[in-house]
Amino acid sequence: MTLKQIECFLHLSENLNFARTADELFISQPAVSREIKALETELGVTLFIRTKRSVTLTPAGSCLKVDLGSLYSSINDAVTKARNAQKNFYQQLNFGFCHTASLLRLPEGLKEFHKLHPNIYLRPVTGELRSLNVDFQAGKLDILFGMKDGLTPRQSDGYDLIYKGRLCIVVPEGHELYHRNALTLEDLDGHTLLSIDKQYMPPLIGKVFREILAACPHSVLANVPNIEEARILLLSGLGISLAPQYSFAPSSHYKMIPLEHPALNNTDVLDYYVCYHQNDNRKHIKRFISIIKALHADM
């Protein structure tokens, strides 16, 4: 089994399209077919069912996809480290976060850190917070950023506040609520509410959302799988959304209006934190955290 075979298999298992896989890997479609056929022959199993109209994974293919995904990620990390070592990077700092909107001044922080530590390779890792927590606890991430309610530090881990979080209603430009400075549950009645998948939001938001539905009998609920799709619908004027202020990047086309609600008083579960391994004594880790905290102190 070669890396090229694994790469072809994983790409094809995601998009289930030979032509698209070839484009993504910058090779020909026959080359993709050869790599997949060679892999199937070596393993002695059929990984894909091919018809003129579709490509689907077999049970064996689905099983292999799960196991090879994490393995391929580890191999890529190892290759990256080796290449960085050749380029005189003597260490690597891996940090994870969910949304670019949550760390608006991150690029500025990376520039500042790089000036102080030009030989340390900075590797950002984005993804869903639950999987990032797993990687952090497994030692694959040195630092993890996220809402306090979504971080799961162990006793041996530490975490520091980056900035305070607040729950807002995201309202598009031109909406009748756009010029309000604060909103209550009752203000939302009769409006389309975009409900973002709970894996991207803290439990508190789910609780408040249920209360909104109870207080707003004339509202329509529209479920969306992620923040990016919610943003598209917002920009189209097709609804308003409930989210922490750091979930959406600043825009002149929509406004983050604070939601006034008793459950939100004196709560810290929406606050944005950085989590780190306390037994990691490398000074540059603490310096990196200090730079990011200082840049986001006024948010």
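For clarity, every value in this text was computed on a predicted model and none was experimentally measured.
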*Please examine the side chains of Leu132 and Phe145, heavy atoms only from C-beta on, and report whether any two atoms are closer than 4.5 Å.*
no
_Could you tell me if the side chain of Leu106 sits less than 4.5 Å from the side chain of Phe95, heavy atoms only?_
yes
*Side chains of Gln137 and Thr152 in contact at under 4.5 Å (non-hydrogen atoms)*: yes
*Ignoring hydrogens and geometry, is there a side-chain-to-backbone donor-acceptor pair from Thr58 to Thr46 under 3.5 Å?*
yes
_Check: Tyr246 and Ile162 side chains under 4.5 Å, non-hydrogen atoms_ = no
*Taking C-beta and beyond as the side chain, do Leu144 and Leu129 meet within less than 4.5 Å on heavy atoms?*
yes
*Leu238 and Met256: same hydrophobic cluster, using ILVMFWY side-chain contacts below 4.5 Å?*
yes
_side chain to side chain contact (heavy atoms under 4.5 Å, CB included) between His117 and Arg287, worked out_ = CA-CA 10 Å; His117 302 278; Arg287 184 169 289 116; 3.0 Å; yes
*Closest approach of Arg130 and Glu128, non-hydrogen atoms and distance?*
N-OE2, 2.8 Å
*Could you tell me whether the side chain of Glu35 and the main chain of Thr2 form a donor-acceptor pair under 3.5 Å?*
no
*asked:* Any heavy-atom pair between the side chains of His191 and Glu176 that's under 4.5 Å?
replied: yes
_For Phe113 and Phe288, take the angle between the two ring planes, folded into 0 to 90°, and tell me which bin it lands in: parallel under 30, tilted 30 to 60, perpendicular over 60._
perpendicular
*What about Leu233 and Leu235, same hydrophobic cluster or not, with Ile/Leu/Val/Met/Phe/Trp/Tyr joined at side-chain heavy-atom distances under 4.5 Å?*
yes
_Tell me if the aromatic rings of His99 and Phe248 count as close, with their centers under 6.0 Å from one another._
no
*Considering all heavy atoms, the nearest Ile143-Val274 contact*: CG2-CG2, 3.2 Å
*For the pair Glu108 and Lys111, find out whether any cationic side-chain nitrogen is under 4.0 Å from an anionic carboxylate oxygen.*
no
_Hydrophobic clustering (ILVMFWY, side-chain heavy atoms < 4.5 Å, transitive) - are Ile232 and Tyr178 grouped together?_
no
_Would you compute the distance between atom CG of Leu167 and atom OG of Ser247 and round it to the nearest 0.5 angstrom?_
9.0 Å
*What is the distance from atom OG1 of Thr192 to atom CD1 of Ile240, rounded to the nearest 0.5 Å?*
8.0 Å
*Minimum heavy-atom separation for Leu234 to Leu194, with atom names?*
CG-CD1, 4.0 Å
_Exercise: identify the closest heavy-atom pair between Cys8 and Ile27_ = SG-CD1, 4.0 Å
*Does the His277 side chain pair with the main chain of Leu141, one donor and one acceptor, at a distance under 3.5 Å?*
yes
_Main-chain N/O of Ala215 paired to Asp189 side chain as donor or acceptor, under 3.5 Å_ = no
*Atom pair CG/CD1 of Leu242 and Ile169 - distance to nearest 0.5 Å*: 4.5 Å
_Verify same cluster id: Ile49, Leu43 (apolar side-chain graph, 4.5 Å)_ = no
*Ionic contact status for Asp23 with Arg20, cut-off 4.0 Å*: no
_Minimum heavy-atom distance between Thr21 and Asn15, given as atom pair plus value_ = OG1-OD1, 2.9 Å
*Any side-chain heavy atom of Leu161 sitting closer than 4.5 Å to one from His296?*
no
*Start with the C-alpha gap between Arg180 and Lys255, add the side-chain angles, then the distance that decides, and say whether side chain to side chain contact (heavy atoms under 4.5 Å, CB included) holds.*
CA-CA 10 Å; Arg180 298 284 296 275; Lys255 184 178 179 182; 6.0 Å; no
*Separation between CD1 of Ile291 and CG of Leu116, rounded to the nearest 0.5 Å*: 5.5 Å
*Please tell me if the side chains of Asp187 and Glu260 come closer than 4.5 Å, counting only heavy atoms from C-beta onward.*
no
*Please assess Asp298 against Arg105 for the test side chain to side chain contact (heavy atoms under 4.5 Å, CB included), listing each intermediate value before the final yes or no.*
CA-CA 11 Å; Asp298 60 344; Arg105 292 160 189 159; 2.4 Å; yes
*Could you check Leu57 against Phe48 for side chain to side chain contact (heavy atoms under 4.5 Å, CB included), going step by step and ending with a plain yes or no?*
CA-CA 5 Å; Leu57 277 167; Phe48 297 94; 3.4 Å; yes
*Exercise: identify the closest heavy-atom pair between Gly190 and Ser219*: N-OG, 3.0 Å
*asked:* Taking Leu177 as the starting point, is it possible to reach Val220 by hopping between hydrophobic residues whose side chains are less than 4.5 Å apart?
replied: no
*Calculate, to the nearest 0.5 Å, the distance between atoms CG and CG belonging to Leu12 and Leu47 respectively.*
9.5 Å
*asked:* Looking at Arg166, is its backbone amide N or carbonyl O close enough to the side chain of Gln245 to form a donor-acceptor pair, meaning the two atoms are under 3.5 Å apart?
replied: yes
*asked:* Which label fits Tyr273 and Tyr159: parallel for a plane angle under 30°, tilted from 30 to 60°, or perpendicular past 60°?
replied: perpendicular
_Taking side-chain hydrogen bond (donor to acceptor under 3.5 Å, both in side chains) as the criterion, tell me which of Asp160, Asp157, Asp142 meets it with Tyr276._
Asp160
_Value rounded to 0.5 Å, distance of CD in Gln5 from CD in Glu40_ = 10.5 Å
